[in-house]
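Within every chain, numbering begins at 1; the chains are lettered A, B, ... in the order of the sequence lines, protein sequences first and strands thereafter. The structure displayed is predicted, hence computed values, not measured ones.
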There are 2 protein chains.
Amino acid sequence: MAIEYKTRTQLVVEILREKILSGEIVAGQPLRQAALADELNVSRIPVREALLQLEAEGLVTFEPHKGASATELNLDQVDELFELRAMIEGDLLAASLVNISDEALAQATDILAKLDSALGKENAANTWSELNSDFHNCLYSGANRPQTADLVNILNKNADRYIRMHLLWAGGISKAGPEHAELLAFCQSRDIENAVAKLKQHILSSRDEIKAFLLQRESN
Amino acid sequence: MAIEYKTRTQLVVEILREKILSGEIVAGQPLRQAALADELNVSRIPVREALLQLEAEGLVTFEPHKGASATELNLDQVDELFELRAMIEGDLLAASLVNISDEALAQATDILAKLDSALGKENAANTWSELNSDFHNCLYSGANRPQTADLVNILNKNADRYIRMHLLWAGGISKAGPEHAELLAFCQSRDIENAVAKLKQHILSSRDEIKAFLLQRESN
DNA sequence: TTATAATGAATTGTATAAAATAAGCAATCA
DNA sequence: TGATTGCTTATTTTATACAATTCATTATAA
């Protein structure tokens, strides 16, 4: 297997993204370029460029001369983000199911099993979230819409933080397991209408749980 | 009115974006950092950061150690881009019409007049495209969905190059004028269903014209 | 006391210099 | 000749150094 070359900037992007998604860097927390450069043992230039890239993904907010911080979404923004996901992913799934291969569906079944068993284990939130993303991408693989898929992945990265947080603090998206199974069943029978409806409901119900959690935490 | 401070990076972003959208920088053309820095009288750092930002917008493609170039979309990608726009903008318009103010609609009427008169004039493509964007944003102003609006604007910047190109080389989106008028009429009567249908059809018909144009040019 | 201006430390933004990498071309070997 | 290797050059990537800006704090004046 060929090793792929990565620039320092790309490495910093990956490290910082993971720190934000995992919650190690908390939303709203200022990200000091010099401190990060020091910690990662690079100069400030790749750190700056990484922060800019993360800003484009929505995970970081930049203000000229004031610096960067991990983006903090309020309840309305969380709402909007999940609505957007429901719409776009619904459309993507519909397009995908027309052409989806049996291999992709088999793979999705596989991932689903891992997903269920991941819940109790160590580092559950991080593993779960990655598998969850794989599962959904697998179902969208028939669509052949690379730009839309990229967009979905960016939106998911933004949602991911909240999903992980919820998973970590409230013991998980309680209904995710059975919902995934139902969704996969509709996909397997190529029942586009029900599959899309289930997917949207799945995304929006996770939104509701997360919003409820955020609201409750806010009031403390 | 207070003038807003802009970093060199932001200025370079705006200049380069306009050059790409206007066609001065042709798709596929390599963007040499040193040459651009020299031309704009800044160092290479702000140029690099600007190119990274434009990459996030989809206008520029970066390859490590090889440099940046203006992104070139093939027919399928143009297709996907416009489909995505139709879906998201349709949804955004529906949400907007529920709350849209009479002022916004009046403003849209205003812009529409300017839009028609802009067609024959000098620099038609650039002015038209800006007004066109204003017109649509005006119609979406009632939605109160800032993240979705941002996304729409990014997608529009990608589509814009092709719209301007078509405007410039083929004398314009022939049906845009009457379509805009019809769309506005539906909006004024708060007829959500017809307005959304009209908008989608408007976006997709411009896609068809552009694809036909690209195909014809390709075969030469 | 309150408002405003001056000061300085912390931080970001930019320029320049150095290092790393890729691509083209000549030299070498089969 | 054809393929491969090593060198040269162009370009990008990164580091370091400096300039500009912000923010907090203190000093000054109304």
Side-chain angles (χ1 to χ4, degrees), chain A residues 1-20 24-72 150, chain B residues 1-20 24-72 150:
Chain A
M1 178 184 157
I3 67 163
E4 59 181 313
Y5 175 83
K6 280 182 183 162
T7 62
R8 292 217 191 332
T9 298
Q10 289 170 313
L11 290 170
V12 175
V13 165
E14 288 173 20
I15 292 170
L16 289 183
R17 178 162 48 219
E18 186 49 34
K19 284 194 184 202
I20 294 174
E24 186 178 336
I25 291 175
V26 187
Q29 179 178 334
L31 300 166
R32 298 288 160 225
Q33 300 173 2
L36 291 171
D38 217 48
E39 180 189 334
L40 302 174
N41 210 23
V42 296
S43 79
R44 275 179 41 229
I45 298 293
V47 171
R48 280 181 63 80
E49 295 188 350
L51 290 173
L52 279 170
Q53 210 158 317
L54 290 168
E55 186 192 28
E57 292 179 16
L59 294 178
V60 157
T61 305
F62 235 97
E63 274 190 286
H65 288 116
K66 300 195 182 168
S69 58
T71 304
E72 194 157 24
D150 285 351
Chain B
M1 175 187 160
I3 66 165
E4 57 182 316
Y5 174 84
K6 282 179 183 166
T7 63
R8 290 211 194 317
T9 298
Q10 289 170 312
L11 290 171
V12 175
V13 165
E14 288 174 20
I15 292 171
L16 289 183
R17 178 161 50 218
E18 185 50 35
K19 285 193 182 203
I20 294 173
E24 187 179 337
I25 291 175
V26 187
Q29 180 180 332
L31 300 166
R32 298 285 158 230
Q33 299 174 1
L36 290 171
D38 218 48
E39 179 189 333
L40 301 174
N41 210 21
V42 295
S43 78
R44 289 198 309 287
I45 298 292
V47 171
R48 279 182 63 80
E49 295 190 349
L51 289 173
L52 279 168
Q53 209 157 317
L54 291 168
E55 187 192 28
E57 292 180 16
L59 293 178
V60 157
T61 305
F62 237 96
E63 275 189 283
H65 292 290
K66 298 193 183 168
S69 58
T71 305
E72 195 158 22
D150 284 350

Given [options], identify the nucleotide with an atom nearest to the side chain of [X].
X	options	value
B:Pro46	D:dA15, C:dA15, C:dG13	C:dA15
B:Val42	C:dA15, D:dT14, C:dT12	C:dA15
B:Arg32	D:dA15, D:dT12, C:dA22	D:dT12
B:Arg8	C:dG13, C:dT14, D:dT14	C:dT14
A:His65	D:dT21, D:dT14, C:dT14	D:dT21

side-chain N/O [X] vs [N] OP1/OP2, d < 4.0 Å:
X	N	value
A:Gln10	D:dT13	no
B:Lys66	C:dA23	yes
A:Thr7	D:dT12	no
A:Ser43	D:dA15	yes
B:Thr9	C:dT14	yes
A:Gln33	C:dG13	yes

Take the protein atom [atom1] of [X] and the nucleotide atom [atom2] of [N], then report the distance between them rounded to whole Å.
X	N	atom1	atom2	answer
B:Leu52	C:dG13	CG	C1'	15 Å
B:Arg44	D:dA10	CZ	C1'	12 Å
B:Glu63	D:dT12	CD	C1'	13 Å
A:Arg48	D:dT16	CZ	C1'	15 Å
A:Glu49	C:dT12	CD	C1'	15 Å
B:Leu36	D:dT11	CG	P	12 Å
B:Asn41	C:dT14	CG	P	14 Å
B:Glu55	D:dT12	CD	P	14 Å

Quick one: does A:Leu36's side chain get under 4.5 Å of A:Glu39's, heavy atoms only? yes
With the side chain counted from C-beta on, respond yes when B:Glu57 and B:Leu54 share a heavy-atom pair under 4.5 Å apart, and no when they do not. yes
Rounded to the nearest 0.5 angstrom, the CD1-CD distance for A:Ile25 and A:Glu18 is 10.5 Å
Interatomic distance, A:Glu55 atom CD to B:Gln53 atom CD [nearest 0.5 angstrom]: 6.5 Å
Using the closest heavy atom to pick a nucleotide of DNA chain D for each, name whichever of B:Pro64 or A:Pro64 lands nearer the 5' end. B:Pro64
Using the closest heavy atom to pick a nucleotide of DNA chain C for each, name whichever of A:Ala68 or A:Ile45 lands nearer the 5' end. A:Ala68
Under 4.0 Å, counting only non-hydrogen atoms across every strand here, what does A:Leu31 touch: a base, just sugar-phosphate, or nothing? sugar-phosphate
The side-chain contact (heavy atoms from CB on, under 4.5 Å) partner of A:Leu51 among A:Thr61, A:Thr9, A:Leu31, A:Val13 is A:Leu31
Heavy-atom donor-acceptor pair, B:Ser69 side chain to B:Pro30 backbone, under 3.5 Å: no
